Amino acid sequence: MLPKLTTIFHIYPKLFMTNYLHTLTPQIFHQIIPYYPPNSNLKNLCTNGQLKEALLAMTIEGYQVKFDGYDSLLTLCVNSKALREGRRVHAHMITTRYCPPVYLETRIIVLYTKCDVLVDARNVLDRMREPSVVSWTAMISAYSKRGYQLEALNLFAKMLRAGTPPNKFTFASVLTSCTGACGLNHGRQVHSLIVKSNFGEYIFVGSSLLDMYAKAGNIREARGVFESLPERDVVSCTAIIAGYAQLGYDEEALDMFRQLLREGLESNYVTYASVLTALSGLASLDYGKQVHNRVLRSELPSYVVLQNSFIDMYSKCGGVTYSRKVFDGMSERSVITWNAMLVGYGKHGLGQEVIELFQLMREENQVKPDSVTFMAVLSGCSHGGLVDEGLKFFDEMIDGPNADRVRPEVEHYGCVVDLLGRAGRVENALEFIKKMPCEPTTAIWGSLLGACRVHSNVLVGKFVAKRLFEIEPENAGNYVILSNLYALAGRWEDLRVLRELMKEKSVTKEPGRSWVNLDRTVHTFHAGDRSHPRKEEIMRKVVELSVKIKEAGFVHNLSCVLHDVDDEQKEKILLNHSEKLAIAFGVMSTPSGRPITVVKNLRVCADCHDFAKFVSKVCEREISLRDSNRFHRILGGVCSCGDYW
DNA sequence: GTAGGGTTAG
C-alpha cells in the first residue's frame, strides 16, 4: 500500500523537482519512486549529472528501465568515463533480460573503448547479431588510436565480409592504421575503396590519407592528396607540415607553415609542435625563438606536448639553457618532458646535469622513469665521460629500487658497450656483447669499432669490422673507421687490402651535408659544393684557414679518405668536406669573436673535427658542431666530446 | 553514437 501522495508532498514541497531527489533519504526516495513515470526521474538525474542517484533509481525501477533510461545512463557514463558504473548498467540490462537495440549496444562499445577496456568492447561487438556501421567504426577507431594496427585492419576486413559498407568515419579511422611502409599496400587498397564508394574526398579522409602516404615515406603522393583537397584546414595543413618534418624535408615544412600564415589560417598546438620538429632539424635557433614568441602572444593555453617540443627544439638548436627555462616554467610534466631535457643535456655532453636532473626526477617521484629515460641517462653519462656513474645506473636498472625498475633492452646494452668503450675497456665491451641476452645490433658493433679506433685496438677492431661487413657490407662508415684504425696503427698493407675490398663491394655513402643558419636563411653545403653564390670566396677561405692552422700544428688525417689517390689529392678531397665549407662560411660571414654553429647530417669526420679545433684556437671562435650523434662545443682548441664520439 | 594532424629515444 502506497502512502498518500499528498502527505508526502506536504512534507517535501520540492519533491517533484528532480534536482532535489538526491537530498532525500533512501527510504523516502524509495517511497516516492512509483509516483514518477518510469525512466523520467532517471533521465532527469542523468541530465543533472547525478550518476550515483541515477544508479539508485535504476536499481529501484528494476524491470521498468527501458530505452530512454539506459540511453541517459550510458551517455552519462561515457561522458564521465565511469567504467564501474557503466558495467553496472550493462549488467542491469542482462539481469533484467532487457534486449538492447543496436544503438544501445553500440553505446556500450563506445563506453568500453573510451575506458580502455577494448577486450570487453570487442566481446560486445562479437555477440551482436547485426552490428551497425557505427558499432564497427567505434571498435576500429579504438584499435587505431591505441596502435593496434593489425586488429583494426582485420576488423575492417571482417566488416566488409559482413557486407556492411564503410562510411567516411570508418575510412578516416582505418587509414590511421595503414602507417609505415608495410601499411602502404593496405592503404592503397583502402584508397581505391574510397574512390569506389564515390562520396568524393572528404576533408577528414583526406588528412588521414595524406598522412598515410607521408608516414610511408611517400611525400609526393602525400602532397598530391593535399593539393587535391576540396578545402584546407588546420589539420590537413598540419598533416602535410608534419609529413615533411618527419621525413627530414625541414625547409619544405617551413615553407608550408609560412604559406599557412599567409593564408591566415589559425595554427594550433599540434601545428606548432610539427613546425618545431622541422626547426629542430635545421637547428634554427632564431626562427625557433620567433615561433616561441608567436605562441606566447597567441594566448594559446599551455600544452605539455608543445612545451616538450620547445625543450627539444632549444636543445637541438644549441640553446640548452633555454630548454631548462621552459622545463622550469612547466607546472605539469610528462615522462617525455624529463626525457627531452635529459637527452638535451646528454647531447651537449653535460653529464653532471643529466645525473642531477635524474636524481630530481626520482626525488619528485611524479612520473616514473621509462626505457627512454634510462637510455638518456646512460648515453648522457657516456657523452659526459662519466663512465662509472653510467655503469652504476645500468646495474640499478636490473637490481635497483622498485620504483624505477625498467627491463634493459638492446639499446641499453648498447649504451653499456659505449661506456666500456669510452673507458678503453674494449675487451670488456666485447665480452659484454657476447654475454648479452639479445642479438647485438649494427649500432652496437659500430660503437665498439669506434672505441677500437680511439684506443687503437687493431685486434678487436678487425674482429668487429668483420662482423659489421657481414651484416651491412654496403655501409661506408664502417670502412672509414677501420681504415682510420689501420692508419693510426701504421698498417698500410691492411689498408690497401681494405680498399680492394671496398672496390669489390662498391660501397656507397649517404652524401654528407652541412649547413649554417644565418639571418634565418639556411646555407647548405655538400662535399665539393660549387653551388653557393659565394663559392670562390668560401674555397679561398678554407685554404687560407688550413694554411693558418698548419702553422699552428694541424696535420691532416689522411685516413679519412678512402679513395686510392696520392696524399696531395687526399688533402684536396678533405678540404672539400662540407663541414669545412660551412665553418669557413661561418667565419667569413660573421663578425670576429661571434660563435659559429654548424650542423652536419652524419657524424663529423676526424679530420674535420681536428680542423674545427684548430680554427677555434687560431681564430678565437667558439664553434658548435652538431652532428647526427651529439653537440661538439669547441673552444680554444678543446672539444666538449673529449675527442671520443 | 563512430572520423583526420603532434612531443623524447633508436
Side-chain angles (χ1 to χ4, degrees), chain A residues 71 74-75 78-79 101-111 113-114 131-142 144-145 166-176 202-212 214-215 222 225-226 229 232-243 245-246 267-278 280 303-313 315-316 323 333-344 346-347 369-380 409-412 414-415 441-444 447 628-629:
Chain A
D71 187 28
L74 287 174
T75 303
V78 168
N79 292 342
V102 173
Y103 177 91
L104 282 187
E105 285 188 296
T106 306
R107 294 296 286 152
I108 296 173
I109 293 178
V110 171
L111 170 77
T113 56
K114 291 255 156 77
S132 69
V133 60
V134 183
S135 333
W136 292 105
T137 306
M139 195 69 230
I140 291 170
S141 150
S144 285
K145 272 190 190 141
N167 62 14
K168 53 184 175 171
F169 292 83
T170 326
F171 283 128
S173 298
V174 78
L175 281 171
T176 316
Y202 288 94
I203 192 162
F204 272 86
V205 180
S207 315
S208 230
L209 197 57
L210 87 83
D211 182 58
M212 187 268 295
K215 290 221 166 73
V225 174
F226 181 73
L229 289 179
R232 294 171 183 182
D233 67 356
V234 206
V235 177
S236 55
C237 287
T238 304
I240 192 78
I241 292 173
Q246 281 156 6
S267 300
N268 60 28
Y269 80 102
V270 183
T271 322
Y272 288 122
S274 308
V275 173
L276 289 174
T277 305
S280 304
Y303 291 94
V304 177
V305 170
L306 183 54
Q307 303 291 79
N308 294 347
S309 293
F310 276 118
I311 292 176
D312 183 53
M313 179 276 293
S315 86
K316 285 187 178 152
S323 300
R333 301 185 184 107
S334 69
V335 67
I336 294 181
T337 315
W338 291 91
N339 292 351
M341 197 63 236
L342 288 166
V343 168
K347 294 229 164 175
D370 66 3
S371 142
V372 179
T373 314
F374 275 97
M375 265 163 64
V377 171
L378 294 176
S379 84
E409 291 155 31
V410 68
E411 292 84 2
H412 301 107
C415 290
T441 58
T442 53
I444 291 183
S447 140
S628 59
N629 203 25

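Because the structure is predicted, anything quoted here is derived from the model rather than measured. Below, chains carry the letters A, B, ... as their sequence lines are ordered, and counting in each starts from 1.
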Interface polar pairs with nucleotides 8-10 of chain B, N/O, under 3.5 angstrom:
| unit_1 | atom_1 | unit_2 | atom_2 | d |
| --- | --- | --- | --- | --- |
| B:dT8 | O2 | A:Asn339 | ND2 | 2.7 |

Figure out the [atom1]/[atom2] separation between [X] and [N], and round it to whole Å.
X	N	atom1	atom2	result
A:Gln307	B:dT7	CD	P	16 Å
A:Ile241	B:dG4	CD1	P	19 Å
A:Lys114	B:dT2	NZ	C1'	8 Å
A:Lys215	B:dG4	NZ	P	11 Å
A:Tyr272	B:dG6	OH	P	18 Å
A:Met212	B:dG5	CE	C1'	15 Å
A:Asn167	B:dA3	CG	P	11 Å
A:Asn79	B:dG1	CG	C1'	11 Å

Has the side chain of [X] got a donor or acceptor that lies under 3.5 Å from a partner of the other kind on the base of [N]?
X	N	value
A:Tyr269	B:dG6	yes
A:Ser208	B:dG4	no
A:Asn268	B:dG6	no

Pairing residues for A:Asp233 by the side-chain hydrogen bond (donor to acceptor under 3.5 Å, both in side chains) criterion, not counting sequence neighbours: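 Listed in chain order: A:Ser236.
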Taking only residues two or more places apart in sequence, or in another chain, which ones meet A:Trp338 in a side-chain hydrogen bond (donor to acceptor under 3.5 Å, both in side chains)?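 Checked A:Trp338 against side-chain hydrogen bond (donor to acceptor under 3.5 Å, both in side chains); zero matches.
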side-chain contact (heavy atoms from CB on, under 4.5 Å) partners of [X], counting only residues at least two apart:
X	answer
A:Ser628	A:Arg603
A:Thr75	A:Asp71, A:Asn79, A:Arg107
A:Phe169	A:Thr137, A:Asn167

So which nucleotide from B:dG5, B:dT7, B:dA3 ends up closest to the side chain of A:Ser309?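 For the A:Ser309 side chain, the nearest candidate turns out to be B:dT7.
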A:Lys168 side chain near B:dG4 phosphate (N/O to OP1/OP2, under 4.0 Å):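 A:Lys168 to B:dG4 OP1/OP2: no side-chain N or O under 4.0 Å.
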Can you label the angle between the A:Tyr269 ring and the A:Tyr303 ring as parallel, tilted or perpendicular, going by 30° and 60°?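 Judged by the thresholds at 30° and 60°, the geometry between A:Tyr269 and A:Tyr303 is parallel.
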